Each structure stands twice: as structure tokens, then as C-alpha cells.
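Structure first, commentary second.
The structure presented is a predicted model; accordingly, all values stated were derived computationally and were not measured.
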Protein chains: 2
Amino acid sequence: MTQTDPAPLPADLLPADCPVPSVPVLGSRKWAWRIIRCLEDGPRRFSELRVPLAGITAKVLAESLRSMEQDGVLVRTEFDENPPRVEYALTPLGRTLLGPMDAMCAWSRENLAGLLAARAEHERGH
Amino acid sequence: MTQTDPAPLPADLLPADCPVPSVPVLGSRKWAWRIIRCLEDGPRRFSELRVPLAGITAKVLAESLRSMEQDGVLVRTEFDENPPRVEYALTPLGRTLLGPMDAMCAWSRENLAGLLAARAEHERGH
DNA sequence: CTGTATCCTGAAAGATACTG
DNA sequence: CAGTATCTTTCAGGATACAG
């Protein structure tokens, strides 16, 4: 930073192209990615989400949904009925995530097998 | 899990219903995203990486690099010199990540301010 | 049905000291 | 220079029980 390096990697290299260390909303929240996918085709109820998100607990699902609601990528709508009914839907902002996600999903589909193979190879060798 | 799950898949990698639950390599590793960015323009030495990755410890950087090497997205090259010199570079596979990452970075640039505002709003009001 | 309230675990990260 | 070795911390996630 205050040093005089011959050919250093500038400390501001990252902010120029990548403002954040990881992807907001999707980083550091295990289920966020899949939750968004499950809402892609329309609003879903709490219990509806639990089916495709096999294994998720109510607690974690509720936490994830609340967090994502605070980020503005989905909205929670509570209907005054009995039994209670709550729906979650992507916001317009949330929908803008789908494009970038598609790119990442395509990459994963194409390279997941190779990744697993590479890791297995390394584990055998050492 | 105490459940009797008939198909125990790598829960962090393989989807139940959605394409990909999270991004391999980039998910669940805080610094991976930025490390790849730092290698985008060419090989870098260990100490060179520590500059733009301000705050990362040697331990975490080494761990992250090892992990990513095992995934096959980067290679570690050790030169037999004194003082020791080691370079890290993206593999062709690693380079294929840059495209999808660009899409995500663009999204972040465009929406980060809005996200922070939305969260701040939620924390203030409710 | 849609959650909360607790308690617990585990993996990644950070702090610090040391080494070939 | 390029790491390793420990130790501690942190916090998302999971198990379970309970509630409006």
C-alpha cells in the first residue's frame, strides 16, 4: 500500500471489476440459490417450498426467507385465513438474478463432473 | 440427519429438483471469488495475492488455494529457487468461470446499493 | 399451516506464533 | 518467501419441542 514495489498487483484491482467479495444474497446462505429457483415459476407457500428443498428445516427455511425478504429479492404475503396461508414470490429485483444464475448453473452442469473427478484424483494421489 | 434417506447425495453439490443448489468452487469459500479475479490477468505469487486480498491471513489463503487447486481451477507451480518462489495461475477450466462471474459481478454492481438500502430500511423500521 | 424457541454441532475463518 | 501449527471464535445450519 504505502510501499514502493516494482510491479505490484494494485490493491484496487478488485473494486474496479468486482465490487464485492462474493455474490450478495446468494453467497453465505446455503439454500438461497435453490429457494430462488423454486420461486421462478410463481409464488409458493411455505410448505410447498419444503418439498423440493428436501431436508431443509422449518427454522432454516424461515430464516432464509426472512433474510432474502430483507434484501428485497422476495416478498412475503400473509393471507388472513384459517388455516393460515402465506405466499412467497420473487420481486422484480429478485427476477433480475435469474439471468446471472442461469449462466452459473450452465457452468456447473458442464463442469461438475470434471470437478468431482479432479478432486477424487487428488484424494487418490495423496 | 437421523432420517432414513434412500439416496444420500452430496447435499452441497447435487440438486434435488433445481439445476444446481449452489455454485461449486465459489460457494462456501469466502475468498474464492476474489482469488480468481486476482489471477485473471496472469500468474501471481503467494505474497502478491495477499495485497489485494487485504485482510486475508496466510493460513486461509493457503487453505483456499489448496482447495481450489484440488478442484482443478488453478495450478500451483513451485520454482526451485532461493528465496522460494511459488506461482498460482488459473487453469483453462478456471478461466471458463470468468464469464459467469462477470454476469454476477455486473448484477452486483447494479444492485448492491439497492440491496444495502433495502436491508437498512428493514433494520430501521421493523 | 406457518412458524418460534432452545440447544447443539461443525466447518470456516481469524489470531498468533513459529519454520524451511 | 511461502508457508505450517495451534488455538479460539463465529455463525449458519440441524434436531427437537412447542405455539398461534
Side-chain angles (χ1 to χ4, degrees), chain A residues 3 5-9 21-35 38 43-51 53-71 74-89 126, chain B residues 1-5 8 10-13 16 21-35 38-39 43-51 53-71 74-89 126:
Chain A
Q3 293 176 339
D5 290 54
L9 186 64
S22 65
V23 185
V25 180
L26 298 176
S28 83
R29 196 125 232 151
K30 178 177 175 181
W31 298 91
W33 198 281
R34 294 174 69 173
I35 289 171
C38 291
R44 298 288 178 190
R45 304 182 58 168
F46 189 85
S47 55
E48 275 182 313
L49 288 171
R50 298 195 66 180
V51 178
L53 301 173
I56 197 172
T57 61
K59 168 180 168 271
V60 171
L61 179 54
E63 282 173 356
S64 303
L65 290 170
R66 199 179 320 286
S67 165
M68 296 165 74
E69 188 192 11
Q70 293 199 341
D71 283 337
L74 60 80
V75 281
R76 179 183 183 275
T77 308
E78 192 172 354
F79 297 89
D80 192 9
E81 298 176 2
N82 195 311
R85 177 164 144 255
V86 178
E87 276 189 356
Y88 296 89
H126 309 304
Chain B
M1 294 170 225
T2 55
Q3 285 181 328
T4 53
D5 196 342
D12 199 39
L13 285 179
S22 65
V23 186
V25 181
L26 298 176
S28 83
R29 197 126 231 149
K30 179 178 174 181
W31 298 92
W33 197 279
R34 294 174 71 174
I35 288 171
C38 291
L39 296 175
R44 299 290 178 187
R45 305 180 60 165
F46 190 86
S47 53
E48 276 183 311
L49 288 171
R50 297 195 67 180
V51 179
L53 300 173
I56 197 173
T57 62
K59 168 178 167 274
V60 171
L61 178 56
E63 283 173 355
S64 302
L65 290 170
R66 295 281 181 203
S67 165
M68 295 165 74
E69 187 191 14
Q70 292 202 340
D71 283 335
L74 60 81
V75 282
R76 177 183 184 276
T77 307
E78 191 173 353
F79 298 88
D80 192 9
E81 300 176 1
N82 194 312
R85 177 163 145 257
V86 178
E87 276 189 355
Y88 296 88
H126 323 291

Under 4.0 Å from OP1 or OP2 of [N]: is there any side-chain N or O of [X] that close?
| X | N | answer |
| --- | --- | --- |
| B:Ser47 | D:dA2 | yes |
| B:Lys30 | C:dA11 | no |
| A:Arg45 | C:dT2 | yes |
| B:Tyr88 | D:dC1 | no |

Rounded distance in Å - [atom1] ([X]) to [atom2] ([N]):
| X | N | atom1 | atom2 | value |
| --- | --- | --- | --- | --- |
| B:Glu87 | D:dG3 | CD | P | 12 Å |
| A:Trp33 | D:dA12 | CH2 | C1' | 19 Å |
| A:Arg44 | C:dG3 | CZ | C1' | 20 Å |
| A:Trp31 | D:dA12 | CH2 | P | 16 Å |
| B:Glu63 | C:dA15 | CD | C1' | 13 Å |
| A:Glu78 | C:dC1 | CD | C1' | 11 Å |
| B:Arg76 | D:dG3 | CZ | C1' | 8 Å |
| B:Arg66 | C:dA13 | CZ | P | 16 Å |

Task: Residues forming a salt bridge (charged side-chain N to carboxylate O under 4.0 Å, His left out) with B:Arg76, sequence neighbours excluded - done: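 B:Arg76 satisfies salt bridge (charged side-chain N to carboxylate O under 4.0 Å, His left out) with B:Glu78 only.
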
Task: Pairwise 5' ranking along DNA chain C for B:Thr57 and A:Ala62, keeping only the more 5' one - done: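 That would be A:Ala62.
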
Open item on the list: For a quick check of understanding: with a heavy-atom distance under 4.0 Å over all strands, which category does A:Phe79 fall into, base, sugar-phosphate or nothing?
Closed with: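 Nothing: the residue A:Phe79, judged by heavy atoms under 4.0 Å, touches no strand.
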
TODO: Report which part of the nucleic acid A:Arg50 touches: base, sugar-phosphate, or nothing (heavy-atom distance under 4.0 Å, all strands).
DONE: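 No contact.
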
- [ ] Report yes or no: does B:Ser64 contribute a side-chain atom to a donor-acceptor pair with the main-chain N or O of B:Val60 at less than 3.5 Å?
- [x] yes

- [ ] Using modelled atom types only, decide if a donor and an acceptor are shared between the side chain of A:Arg44 and the backbone of A:Tyr88 within a distance under 3.5 Å.
- [x]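 Checked: no pair found.
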
Do the side chains of [Y] and [X] get nearer than 4.5 Å, heavy atoms only?
| X | Y | answer |
| --- | --- | --- |
| A:Leu61 | A:Phe46 | yes |
| B:Pro43 | B:Thr77 | no |
| A:Leu53 | A:Cys38 | yes |

Open item on the list: Please give me the minimum heavy-atom distance between B:Ser67 and B:Arg29, naming the atom from each residue.
Closed with: OG-NH1, 3.4 Å

Open item on the list: If you compare all heavy atoms of A:Ala32 against all heavy atoms of A:Met68, which two are closest, and at what distance to 0.1 Å?
Closed with: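 Minimum heavy-atom contact is O-CE, 3.7 Å.
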
TODO: Return the 5'-most residue of the pair A:Ala58, A:Pro84 with respect to DNA chain D, ranking by each residue's nearest nucleotide.
DONE: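 Its nearest nucleotide lies further toward 5', so the answer is A:Ala58.
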
Open item on the list: Using the side-chain heavy atoms of A:Phe46, tell me which of these nucleotides is nearest: C:dG14, D:dG14, C:dT2.
Closed with: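 So the side chain of A:Phe46 is nearest to C:dT2.
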
Open item on the list: I want to verify a distance call: between C:dG14, D:dA12, C:dG3, whose nearest atom is closest to the A:Arg29 side chain?
Closed with: D:dA12

Open item on the list: For D:dA5, does the base pair up with any side-chain atom of B:Lys59 as donor and acceptor (N or O, under 3.5 Å, distance only)?
Closed with: no

Task: Angle between terminal axes - the helix from C:dC1-D:dG20 to C:dG20-D:dC1, 5 pairs each end, rounded to 10° - done: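 Helix axis angle between the two ends: 50°.
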
